[in-house]
There are 2 protein chains.
Amino acid sequence: MAKVDTSLVAHLPLFGGVKPEDLEEILREARSVRYPKNSAIFEQGADAQSFFLLLHGHVRAAKTTPSGEQIVVRYVSPGETFGLAMAIGAARYPATAIAVDDSVALIWPTSAWPRLVERFPSLAANTLQTVGTRLQESHTRILEMSTQQVEQRVAHALLRLAKQSGKKLDHGIEIDFPISRQDIAQMTGTTLHTVSRILSGWEQQGLVESGRQRIILRDPHGIVVLAERSPDSGAA
Amino acid sequence: MAKVDTSLVAHLPLFGGVKPEDLEEILREARSVRYPKNSAIFEQGADAQSFFLLLHGHVRAAKTTPSGEQIVVRYVSPGETFGLAMAIGAARYPATAIAVDDSVALIWPTSAWPRLVERFPSLAANTLQTVGTRLQESHTRILEMSTQQVEQRVAHALLRLAKQSGKKLDHGIEIDFPISRQDIAQMTGTTLHTVSRILSGWEQQGLVESGRQRIILRDPHGIVVLAERSPDSGAA
DNA sequence: GCTCGTTTTTGAGCTATCGCAAACACCCTG
DNA sequence: CAGGGTGTTTGCGATAGCTCAAAAACGAGC
């Protein structure tokens, strides 16, 4: 098994407060796995046998209702952990993870977690921190869904994606992985039709440039304005 | 300062894996504070000086938008922690906490957290667990808001409240603290008007009995049926 | 028992957004 | 370069739920 270079991951929040030699020990328990674009990494409801640290690529975590409707829980960027079912004491994954790009992740057996935490308490503290942050973001999302209209929510979603995974271009910011209107709909609690209409509108106004699974924010500031517009302060 | 009886809190998840003598040490750092009904425990945006463990009563955690709209993040029941800003590395409270009943909480200075975690690593692990569970619940809530209609969401919300804080009566389950239509609206992402209409309807059908800040589920099973009804399987 | 403030109820019209349907554009493959 | 599949656009109703408005019920304090 290829050895993982500690220098690549030492700076990640997960490993804050972990000594270099300890880090090596931790990494010895992991293996590195490649997931081709559009492949499933794990399925909602499956046995949580592993947990993950994304090295390259992007992963979409989605939750499905009994009747088949989906929402996107989040997009995972390199350096982030996912599939932490064990940390919350769940035996099964609460969501499905799909690689949206060719991706590489470090993967540990779930069974290693208790031992690791015991030996390296910072791991628990660090994970608590990131899970806490996600909880906050989650609450913010609920707040938005409760108080804002669809257009504002889409604006916020795009701005977040741009901040998280934006590639700076001369003429704007491009979201760095394939993402469809459907995906955005599932992030904002609306339908792909509505998202499509909104993006069409924005394209007219020169705010964005978009195509098949591709979005470029041409005027990020303009979108910020939209995002913060109060419900009624409508334009002409 | 009154000493806290360890036997009252020893069984709580937060203290799982903590030895009795250690528990005493932990409790020595806390004090017990009483909050009268409707008083604020902390305000969103304020310096996170303390974290809390609710002993008696009920607390509503709510988040407010810049423009003043509110959502209810959750209701805290006895035995649960709240105000854990420090665990997620936040210097300020992300929400406001209000005692909805006369309440009593143990309160620790935020500054004690790092020391406690260092001495008693189970605290971090346990807290990770509860925060993780809350994250899951939060995702479930987002899923509901995205895929269900208001009536179903209200049904789910009431069922959760009943499970969490329901007092069993002969003729149903009563929610054990004062809660208004407005509160329920803020839990489900709708308006108090809509909630009022829905509850009126249910009352007609004998599903609930309700009054000023008071709700009794007369037919919990009937409400479960409503909660699970698919979008279109409408009644006559 | 009366008054005041809060909560709840109910009506009526409005609209943002959905749902359905059809046409279209694009990309990949053979 | 033609064919097929997936993603996107757009039109046109339908409607769940919102907003505004007003009245009624309730509870607490004097």
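Nothing here was measured: the structure is a model prediction, and the numbers come from that model. Proteins get letters first, then strands, A, B, ... in listed order; numbering begins at 1 in each.
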| query | Between atom CD1 in I198(B) and atom P in dG17(D), what is the gap in whole Å? | reply | 7 Å
| said: Counting only side-chain nitrogens and oxygens, does S200(A) get under 4.0 Å of the OP1 or OP2 atom of dT10(D)? | reply: yes
| field | Contact under 4.0 Å: T190(B) side-chain N or O vs dC18(D) OP1/OP2 | value | yes
| said: Are the side chains of W202(B) and E151(B) in contact, using a 4.5 Å heavy-atom criterion? | reply: yes
| query | Expressed in angstrom and rounded to an integer, what is the separation of R214(B) atom CZ from dA28(D) atom P? | reply | 12 Å
| task | Please answer whether the main-chain N or O of I215(A) pairs with a side-chain N or O of S210(A) as donor and acceptor at a distance below 3.5 Å. | result | no
| Basic-acidic side-chain contact under 4.0 Å: E144(A), R153(A) | no
| request: Mind grabbing the angle between the end helix axes of the helix from dG1(C)-dC30(D) to dG30(C)-dC1(D)? Five pairs an end, 10° rounding. | output: 40°
Which pairs would a plain distance check flag for residues 192-201 of chain B, meaning a side-chain donor or acceptor within less than 3.5 Å of a matching protein atom at least two apart in sequence or in another chain?
residue, atom, partner, partner atom, Å
T194(B), OG1, T191(B), OG1, 3.2
S200(B), OG, S196(B), O, 2.9

| Under 4.0 Å: is that the gap between some side-chain N or O of S180(A) and OP1 or OP2 of dG7(D)? | no
| Does the side chain of V100(B) reach to within under 4.5 Å of the side chain of I179(B), using non-hydrogen atoms? | no
| query | Short question: side chain of K63(A), backbone of T140(B) - any donor-acceptor pair under 3.5 Å? | reply | no
| field | Length of the line joining E69(B):CD and dC18(D):C1', which is rounded to integer Å | value | 13 Å
| message | Reading DNA chain C in the 5' to 3' direction, which nucleotide is the first one with an atom under 4.0 Å from a heavy atom of chain B, and which is the last? | response | dG5(C) to dA12(C)
| task | Return the value, rounded to whole Å, for the distance between atom NE2 of H193(A) and atom P of dA14(D). | result | 17 Å
| Does R181(A) have a side-chain nitrogen or oxygen under 4.0 Å from the phosphate oxygens OP1 or OP2 of dT8(D)? | yes
| In whole Å, what is the span from the CG atom of L192(B) to the P atom of dA22(D)? | 17 Å
| First of I179(B) and R197(B) reached from the 5' end of DNA chain C, by closest nucleotide | I179(B)
| task | Find the distance W202(A):CH2 to dT8(D):P and express it as a whole number of Å. | result | 15 Å
| task | May I ask you to say whether R74(B) pairs ionically with E137(B), meaning some side-chain N is under 4.0 Å from a carboxylate O? | result | no
| request: Please test Q70(B) against T64(B) for side chain to side chain donor-acceptor pair (under 3.5 Å), starting from the C-alpha separation and ending with a verdict. | output: CA-CA 4 Å; Q70(B) 275 201 345; T64(B) 308; 3.2 Å; yes
| Side chain proximity check, S103(B) to K37(B), heavy atoms < 4.5 angstrom | no
| field | Close side-chain approach of Q164(B) to E80(B), heavy-atom, < 4.5 Å | value | yes
| Between S196(A) and dT8(D), is there a side-chain N or O to OP1/OP2 distance below 4.0 Å? | no
| query | Closer to the 5' end of DNA chain D via nearest nucleotide, is it R212(A) or L199(A)? | reply | R212(A)
| field | Rounded interatomic separation in angstrom, taking CD from E209(A) and P from dT9(D) | value | 13 Å
| field | Rounded interatomic separation in angstrom, taking CZ from R229(B) and P from dA16(D) | value | 12 Å
